Amino acid sequence: MKLAIIGYGKMGREIEKVALRRGHEVVCKIDIDNQADFDSDAFRSADVAVEFTNPGAARENIRRSWEQGVPVVSGSTGWINALTREWIKTECANGNKLVTSANFSLGMNAMMAANKIIARMLAPYSYYSVKLHEVHHVNKKDHPSGSAIALADGIIEENSRYTTWQEPQANSLHEGSIPVTYERLADAPGTHEVVWDSPMCTLSIHHEAKNRDGFAIGAVVAAEWLSKNTEPGHYSMEDVLQETYNI
């Protein structure tokens, strides 16, 4: 597979290492100082572009990639809302391909699957209440993390006692709302914990990233899948894993 990397920071370098280790070729690396390379033959030769930048740049990076006929795996978080979802839907209906995920770690995706099962099993028992907490590096601007939001959304999907989530302020919490708290510490790659508490017991599921390698492996796995999938559309990591590993 020929791969283009958009955003050549810490994650971009990890993606390059993983891609080369898995036998792929990195044909183009785009960062803030060489944006003109979107229009290069090298970029157009890529089978897939992997994009890890920031909420302010992601949409334009994806648009420019599609303009060159290159499908995208995007790990940028905090940029997808109702308006951008509609834009993605329209563009994919016109033949483009995109994989987005709040978290590309294979371990985190296993946690998300377990999270839904637990939420569904505990739904009938009102004496269990849930809360979420996440920790990331100080350079992560959005909060709570996209992964924390995805975990909260998974609970809401499976447990009718919860209808929304919120970051608690002054200990105020709306009825039916999942409290989601966050910390920003030094160079922490990412920790997420879901805790169900009751008078009888406490149940928690916890995922702690040790480094960026896990995210990079998942992103390259998604790129491999997207390079073989000829159908246009907007896909998730769940789609990738269901087909690749039958999860």
Side-chain angles (χ1 to χ4, degrees), residues 1-35 37-38 42-43 46-65 70-80 84 98-112 134-150 182-192 207-227 235-237 240-241:
M1 176 180 65
K2 292 183 176 181
L3 197 69
I5 296 173
I6 305 171
Y8 198 59
K10 292 178 180 178
M11 269 305 302
R13 287 175 169 81
E14 286 298 324
I15 289 163
E16 181 179 36
K17 290 177 187 176
V18 169
L20 295 175
R21 199 163 67 225
R22 291 174 71 89
H24 304 305
E25 180 185 0
V26 177
V27 295
C28 188
K29 293 176 282 193
I30 294 180
D31 211 23
I32 195 167
D33 57 352
N34 66 326
Q35 294 285 300
D37 285 357
F38 273 109
F43 185 80
D47 298 304
V48 180
V50 178
E51 192 265 356
F52 273 79
T53 57
N54 61 71
R59 175 172 170 164
E60 180 64 8
N61 290 334
I62 293 166
R63 185 196 67 77
R64 295 188 71 178
S65 300
V70 180
V72 183
V73 170
S74 176
S76 299
T77 61
W79 69 278
I80 296 181
T84 51
L98 175 69
V99 175
T100 59
S101 179
N103 194 309
F104 279 94
S105 162
L106 301 181
M108 173 55 77
N109 279 275
M111 179 182 180
M112 288 180 178
E134 60 98 342
V135 183
H136 278 88
H137 54 84
V138 293
N139 294 319
K140 184 172 179 60
K141 304 302 181 186
D142 58 309
H143 63 81
S145 69
S147 299
I149 293 172
Y182 74 95
E183 293 179 83
R184 294 292 176 263
L185 302 174
D187 195 34
T191 298
H192 294 84
H207 178 270
E208 182 175 350
K210 294 181 178 180
N211 50 52
R212 292 177 174 82
D213 197 39
F215 306 113
I217 290 171
V220 174
V221 166
E224 291 167 350
W225 178 85
L226 192 61
S227 71
Y235 300 100
S236 67
M237 196 59 179
V240 174
L241 295 178

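Note that this is a predicted model, so its numbers are computed, not measured. Start at 1 with the first residue, then count along the sequence.
Using a 4.5 Å heavy-atom threshold, the side chains of His24 and Glu224 count as touching. In this structure the side chain of Ile30 never reaches within 4.5 angstrom of the side chain of Arg64, judged on heavy atoms.
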Next on the checklist: As a quick check of understanding, evaluate side-chain contact (heavy atoms from CB on, under 4.5 Å) for Arg59 and Trp79, giving each step before the final call.
Outcome noted: CA-CA 8 Å; Arg59 175 172 170 164; Trp79 69 278; 4.1 Å; yes
Next on the checklist: With side-chain contact (heavy atoms from CB on, under 4.5 Å) as the criterion, how do His143 and His136 come out once you've worked through the C-alpha distance, each side chain's angles and the decisive distance to 0.1 Å?
Outcome noted: CA-CA 9 Å; His143 63 81; His136 278 88; over 6 Å; no
Next on the checklist: Using the rule given for side-chain contact (heavy atoms from CB on, under 4.5 Å), can you reason through Met112 versus Leu241, listing the C-alpha separation, both sets of side-chain angles and the distance that settles it, and then say yes or no?
Outcome noted: CA-CA 12 Å; Met112 288 180 178; Leu241 295 178; over 6 Å; no
Next on the checklist: Does Glu183 form a side-chain contact (heavy atoms from CB on, under 4.5 Å) with Thr191? I'd like the steps, not just the answer.
Outcome noted: CA-CA 10 Å; Glu183 293 179 83; Thr191 298; over 6 Å; no
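Side-chain atoms of Glu134 come within 3.5 Å of backbone atoms of Ser145 as a donor-acceptor pair (strictly under, hydrogens ignored). Side chain of Ser74 to main chain of Leu98: no donor-acceptor pair is present (N/O by atom type, distance under 3.5 Å, no hydrogens or angles). The closest donor-acceptor contact from the side chain of Ser76 to the backbone of Thr53 lies under 3.5 Å.
The stretch residues 1-13 participates, sequence neighbours left out, in these salt bridge (Lys or Arg N to Asp or Glu O under 4.0 Å) pairs: Lys10-Asp187.
Atom CD of residue Glu60 and atom CD of residue Glu51 lie 11.0 Å apart, to the nearest 0.5 angstrom. Within the model, atoms CD of Gln35 and CD1 of Ile6 stand 8.5 Å from one another, a figure rounded to the nearest 0.5 Å. A distance of 8.5 Å separates CZ of Phe215 from CZ of Phe52, quoted to the nearest 0.5 Å.
Atom CG of Leu185 sits in a crowded spot, with more than 12 heavy atoms from other residues, nucleotides or ligands closer than 6.0 Å.
Nearest heavy atoms, Ala223 versus Val48: O-CG2, 3.6 Å. Shortest non-hydrogen contact noted between Pro71 and Leu226 is CB-CD2, 3.7 Å. Between Gly214 and Asn211, the shortest heavy-atom distance links the atoms N-OD1, 3.9 Å. When every heavy atom of Ala19 is checked against every heavy atom of Leu3, the shortest pair comes out as CB-CD2, 3.8 Å. Annotation for Val99 and Ala222: closest pair CG1-CB, 4.3 Å, computed over non-hydrogen atoms.
Lys29 is linked by a side-chain hydrogen bond (donor to acceptor under 3.5 Å, both in side chains) to Glu16, counting only residues two or more places apart in sequence or in another chain. When the salt bridge (Lys or Arg N to Asp or Glu O under 4.0 Å) test is applied to Asp31, no partner is found at least two apart in sequence or on another chain. With sequence neighbours excluded, the residues that form a ring-ring contact (aromatic ring centres under 6.0 Å, His included) with Phe38 are Phe43. Considering only residues two or more places apart in sequence or on other chains, Ser227 meets the side-chain hydrogen bond (donor to acceptor under 3.5 Å, both in side chains) condition with none of them.
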Mind listing the side-chain donor-acceptor pairs of residues 100-108 below 3.5 Å, one per line with the distance, residues two or more places apart or on another chain?
from: Thr100; atom 1: OG1; to: His234; atom 2: NE2; distance (Å): 2.7
from: Ser101; atom 1: OG; to: Asn103; atom 2: N; distance (Å): 3.1
from: Ser101; atom 1: OG; to: Asn103; atom 2: O; distance (Å): 2.7
from: Asn103; atom 1: OD1; to: Ser105; atom 2: N; distance (Å): 2.8
from: Asn103; atom 1: ND2; to: Ser147; atom 2: OG; distance (Å): 3.1
from: Ser105; atom 1: OG; to: Gly107; atom 2: N; distance (Å): 3.2
from: Ser105; atom 1: OG; to: Met108; atom 2: N; distance (Å): 3.1
from: Ser105; atom 1: OG; to: His207; atom 2: NE2; distance (Å): 3.4

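Exactly one of Val73, Val50, Ile217 qualifies for a side-chain contact (heavy atoms from CB on, under 4.5 Å) with Ile15. That residue is Val50.
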